[in-house]
Structures are given as structure tokens and as C-alpha cells.
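Step one of this worksheet: look at the structure below.
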Amino acid sequence: MAANALCRPAQLIEAGLVPADRRAALDAVAARYAVAITLAMAELIDPADAGDPVARQFVPDAAELAATAGERADPIGDAAHSPVEGIVHRYPDRVLLKLAHVCAVYCRYCFRREQVGPGKGRALSAAALDAALGYIGAHPEVWEVILTGGDPLVASVRRLRAVVRRIAALGHVKVLRVHSRVPVVAPERISPALAGALRAPGLATYVVVHANHPRELTAAARAACARFIDTGIPVLSQSVLLRGVNDDAETLGALMRAFVEARIKPYYLHHADLAPGTAHLRTTIAEGQALMRALHGRLSGLCQPGYVLDIPGGFGKSPVGPGYLHAEGGGYQVEDFNGRLHAYPPTA
Ligand code: SF4
């Protein structure tokens with residue numbers, strides 16, 4: 001991916017994305033965390049806007065060097081549930097399979113920022129992949145395999161096809177989910193051959209694409225997603241709620257509508273994880289709940305993602321959106337989309 005990405009502070013300055021006087025701060029951050037901005041994303045940045053929402057996601061910031069209380073290297077607790085290299089088995093019926101530790105871009109809020117990037121880990125070797133698939137094969141309760149990373153779609157078409165076929169051949173795995181930022185940040189990689197490689201007989205494949213601002217859903221990104229959809233692979237979205245990127249109802253609503261218009265069903269809105277050096281990008285949960293209320297009040301049900309929090313320590317995801325049902329006097333008060341309460345009788 002490097003040929004299509006800006007990976008060094010000097011390149012960001014040369015491209016006019018960062019003033020030269022920020023070089024020392026950028027060097028310090030780049031020495032700590034991986035940096036890459038694809039040309040497709042760099043083109044979307046307005047260098048004249050100090051708060052550009054695309055730049056905030058990818059351009060290093062000196063604030064990343066300040067870890068705050070509660071932040072942790074493994075915020076969602078992958079390590080506690082990793083029985084063999086490359087596998088995270090947190091929930092009974094599904095596992096994560098991490099094929100790669102590299103990505104097309106490096107997001108400044110990344111929850112795996114201590115594990116992804118050049119020099120931070122290693123790609124799954126052939127022997128480690130054998131062991132990982134052996135683990136899944138020995139666990140017939142695994143119904144779904146989620147390819148994640150790093151970004152699984154940086155792998156070659158040949159490797160993806162081989163892995164997908166081996167997963168399908170296990171027999172008991174019925175669903176394959178592929179989590180990726182590539183269709184948005186490097187849409188030219190999504191060829192018909194790549195889309196086809198994710199399908200195998202007996203396996204229902206879903207792609208979950210990651211984007212956080214409506215500007216990211218360019219014509220090329222929408223076309224890349226359409227290549228999956230038109231080949232029979234449903235596409236869902238995941239976004240991270242980020243301060244200064246999508247933490248206002250208008251932007252978040254426009255993002256969800258843009259997904260739906262591209263036939264992508266909004267799936268998750270993640271509360272930003274407690275990754276080191278990311279406090280400047282996190283909102284409060286109360287702010288997230290208020291935004292979810294605003295979406296409920298103004299947008300089609302198709303545009304509603306689930307607002308979720310990964311519980312620190314590896315205890316899994318829980319929905320943390322606002323509640324609309326309040327128990328009262330043996331019955332309920334139900335809140336409508338305008339915030340008005342209505343009585344509902346107790347039911348048997
Ligand atoms: S693409 Fe995903 S794994 Fe890679 S840096 Fe961004 S959030 Fe992290």
C-alpha cells in the first residue's frame with residue numbers, strides 16, 4: 001500500500017497537509033505510532049481548515065503523546081481471549097481471525113494502535129494460520145469468523161481466496177464477516193476478483209466497511225462497495241464517534257444517510273475506545289446518547305446504527321444508546337421520537 005500512501009512526516013509536509021513548523025511534533029508521534037494516509041484520503045483534506053475532519057482522523061497530532069488516566073494498550077482486551085496466535089475467541093459463537101497487522105491508513109484513534117503498523121507485529125505465518133484454522137476446526141460452536149486486523153483487505157486476492165476457502169471447508173462456520181477500511185480509503189484495491197475471493201459455497205459473507213465522515217464516501221468508495229453488493233455480499237457500516245469529526249447531529253446524520261444511499265446498512269457506531277493518546281478525539285457517552293436521540297428523531301430507521309461500547313478488559317460490546325422505555329406503576333412510559341412520554345399497559 002505504501003506506494004499509494006503518505007507515510008512519513010516529510011511527505012505530509014511536502015503534500016501541504018501540515019505546516020513545516022509541526023515537523024518535530026510529527027516526528028515524535030511517528031516514532032511512537034504508525035502513520036499512513038492514502039492519496040484518496042489526502043485529496044479530501046482541506047489544508048486551510050485547521051479542524052478538517054478527515055485530517056483529524058489521519059494526520060498525527062502532538063496530543064497523541066499524552067496518555068491519560070484509564071487509557072490502556074489493549075483497550076478491548078483482545079489478549080485475554082487469544083488462545084492461539086491470530087485468534088480472539090471472546091464470544092461463544094464467533095472468533096476474530098487477524099490475518100495482518102498492517103493497514104492501508106493508520107487512524108489516529110485506532111483501538112489496536114499498539115498492535116498495528118510496521119514493526120508492531122507480524123503477519124500470520126503459514127504455520128500460525130494452520131494453527132488458527134485448526135483451533136476453529138476444533139470448535140464446532142464457532143458459527144461466524146470475523147476477518148480483522150490490521151486490515152484483512154491489504155492481503156493479496158490469492159491469499160484471501162485461499163483463506164476463505166479453508167474457512168468454508170470447515171463446514172460448521174456459516175458466516176464470514178470482513179472488517180475493512182480499504183473500500184473507503186483505497187477503493188482502487190476492490191477489484192471484482194477481490195470481491196469474488198471473499199465468497200465460497202456454504203458461507204454467507206458480509207463486509208463491514210469503516211468510515212466516519214460523509215466526505216469519505218466518494219464516488220470511488222461507493223463504487224467499491226457496490227462491487228461487493230453486486231456480487232452478492234451485503235455491506236454494513238461501522239463508524240467511531242469522534243470529537244471534531246462526526247460529533248454533531250448534522251454530520252452524523254449525513255454519514256448514515258450516505259451509507260444507506262450507497263446500499264450500506266449502518267451497523268455500529270462505536271464509542272471511541274480508551275486507546276493511548278486519544279483523549280482529544282473522544283466524546284462523553286452522554287454526548288453519544290444525545291446524538292443517538294437526535295438520529296432517532298430525524299432519520300429513517302434504516303439510518304440507525306447501534307451505539308456500542310467495548311467494555312475495557314475484554315468483556316465484550318454492550319449497547320449504550322439511550323433508553324425509550326421506563327417502567328412505571330406496573331406498566332411503562334414509552335418515549336416517542338419527539339421526547340414525549342406515553343403510557344403503555346403491563347402485558348402478560
Ligand atoms: S484501519 Fe482499523 S485497525 Fe487499521 S488503524 Fe484504522 S482503526 Fe486501526
Under the rule for side chain to side chain donor-acceptor pair (under 3.5 Å), what residues qualify as partners of Arg282, not counting sequence neighbours?
Glu71, Thr278
Tell me, with the steps shown, if Tyr109 and Asn212 meet side chain to side chain donor-acceptor pair (under 3.5 Å).
CA-CA 12 Å; Tyr109 51 87; Asn212 302 317; 2.8 Å; yes
Can you pull out every ring-ring contact (aromatic ring centres under 6.0 Å, His included) where at least one residue sits in residues 242-266? Sequence neighbours excluded, please.
none
When you compare the side chains of His326 and Tyr332, does any donor N or O come within less than 3.5 Å of an acceptor on the partner?
no
Report yes if some heavy atom in the side chain of Val184 is under 4.5 Å from a heavy atom in the side chain of Leu217; otherwise report no.
yes
Please confirm whether the backbone N or O of Thr231 pairs with a side-chain atom of Arg199, one donor and one acceptor, at under 3.5 Å?
yes
Residue pair Leu203 / Val173: nearest heavy atoms and the distance that separates them:
CD1-O, 3.3 Å
Looking at every heavy atom in both Ala168 and Ala200, which two are closest together, and how far apart are they?
CB-CB, 3.6 Å
Looking at every heavy atom in both Val154 and Ala100, which two are closest together, and how far apart are they?
CG2-CB, 4.2 Å
Donor-acceptor pair between Tyr324 and Asp336 side chains, under 3.5 angstrom
no
Does a donor on one side chain sit under 3.5 Å from an acceptor on the other, for Arg340 and His342?
no
Donor-acceptor side-chain pairing of Gln238 and His270 below 3.5 angstrom
yes
Cation-pi check, Arg113 onto Tyr33 ring (under 6.0 Å, within 45° of axis):
yes
Just to verify, what does Arg158 make a side chain to side chain donor-acceptor pair (under 3.5 Å) with, not counting sequence neighbours?
none
Output all residues satisfying side chain to side chain donor-acceptor pair (under 3.5 Å) with Ser180, sequence neighbours left out; order by chain, then residue number.
Asp151
Test item: side-chain donor near acceptor, Thr205 and Arg177, under 3.5 Å
no
Nearest non-hydrogen partners of Leu26 and Pro60, listed with the distance
CD1-O, 3.7 Å
Could you pull out all residues at least two apart from Lys317 that satisfy side chain to side chain donor-acceptor pair (under 3.5 Å)?
Asp310
For the OH atom on Tyr268, are there more than 12 heavy atoms of other groups (residues, nucleotides or ligands in this structure) within a distance under 6.0 Å?
yes
Does the side chain of Gln57 reach to within under 4.5 Å of the side chain of His213, using non-hydrogen atoms?
yes
Tell me which donor-acceptor pairs under 3.5 Å the side chains of residues 124-139 have, and how far apart each pair is, sequence neighbours excluded?
residue	atom	partner	partner atom	Å
Ser125	OG	Ala128	N	3.0
Asp130	OD1	Arg166	NH1	3.1
Asp130	OD1	Arg166	NH2	2.9
Tyr135	OH	His89	ND1	2.7
His139	ND1	Tyr135	O	2.7

Does some side-chain heavy atom of Ile76 sit less than 4.5 Å from a side-chain heavy atom of Phe315?
no
Within 45° cone and under 6.0 Å: Arg293 NZ/CZ vs Phe337 ring
no
